[in-house]
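First up is the structure itself, then whatever we jot down about it.
One-based numbering, in listed order, for ligands and for the atoms of each.
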Amino acid sequence: MHTPDAHGWRAAGQRVLAHLPSQCAICRAWPAQRVCDACAARFAQPRPRCTGCALPLPAPGLRCGACLQAPLALQTCVAAVDYAWPWDGILAQFKFHADPGWAAMLAGLMASTPWAGPLLDAADVLVPVPLSRERLRARGFNQSLLLARQLGARKTDAALLLRLHDTPAQSGLARAQRLRNLAGALAVEPLRAPALQGRQVLLVDDVMTTGATLQAAALALRQAGAAQVSALVLARTPPAGAD
Ligand SMILES: [Zn+2]
Ligand SMILES: [Zn+2]
């Protein structure tokens with residue numbers, strides 16, 4: 001059924017619909033943003049995390065045992081949510097169903113996480129964790145780049161850090177072995193290294209599983225001249241036993 005549209009309200013409605021999907025992806029409330037305010041308040045409640053690797057801790061501003069024992073290339077790491085329901089499913093929609101429409105909502109979640117604001121303000125450059133060329137071709141877009149652009153398009157530099165090759169699945173390996181596997185997988189583009197000297201870099205990623213990739217990226221950036229490297233990630237895999 002068509003309603004007379006003399007005043008163009010239907011066009012206005014379509015503009016709104018382009019930005020506001022009709023249902024909350026979690027509770028199916030309608031109409032709502034992609035995640036309604038109630039679900040965001042319920043499922044994205046900030047929690048204290050290790051300042052080195054973003055694992056949940058009982059109190060804010062602490063480092064976990066592993067981070068206290070092993071010196072980290074990352075200055076600080078902030079995560080918005082746990083990589084668990086409902087965010088794992090939402091991230092799958094974002095990544096594997098080629099739905100970049102999620103980027104603004106998810107980046108908003110990252111930016112509103114405690115301690116994320118100062119990191120974003122202090123950063124001279126936002127560096128999305130890169131995909132290998134093969135992975136990028138298969139997926140069609142780098143989800144971390146989409147998030148970084150939403151967090152600060154003018155500061156985002158996706159050409160600074162390169163992923164030279166993929167690494168085999170890392171789960172089950174010790175931290176030292178994971179870092180060895182990643183050595184050489186991430187490198188700074190030599191042509192861009194001068195722009196890195198003395199800069200504050202903020203790495204941006206969607207999911208942090210063990211942190212080995214972020215550590216390898218931070219090492220490469222520090223060795224190439226960055227003054228400080230921190231990370232802001234959307235979701236952190238919660239501890240599933242010993243890591
Ligand atoms: Zn909801
Ligand atoms: Zn830690």
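Taking CZ of Arg139 as the reference point, atom CD of Glu134 lies at 13.0 Å (rounded to 0.5 Å). Atoms OG and CG, on Ser132 and Leu164 in that order, are 10.0 Å from each other to the nearest 0.5 Å.
Below 30°, between 30° and 60°, or above 60°: for Phe94 and Phe141 the angle between ring planes is between 30° and 60°, a tilted geometry.
Between the SG atom of Cys53 and the SG atom of Cys67, the angle taken at the Zn ion (ligand 2) works out to 110° after rounding to 10°.
Arg149 and Thr156 form no side-chain donor-acceptor contact under 3.5 Å, judged by distance and modelled atom types alone.
Taking 4.0 Å as the cut-off between side-chain N and carboxylate O, Lys155 and Asp124 do not count as a salt-bridged pair. Using a cutoff of 4.0 Å between basic side-chain nitrogens and carboxylate oxygens, Arg49 and Asp82 are scored as salt-bridged.
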Exercise for review: Check the pair Ser230 / Gln200 against side-chain contact (heavy atoms from CB on, under 4.5 Å), numbers first and verdict last.
Suggested key: CA-CA 8 Å; Ser230 291; Gln200 308 267 349; over 6 Å; no
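At least one N/O/S atom of Cys50, from backbone or side chain, sits under 2.8 Å from the Zn ion (ligand 2).
The count of protein N, O or S atoms under 2.8 Å from the Zn ion (ligand 1) stands at 4, with waters excluded from the count.
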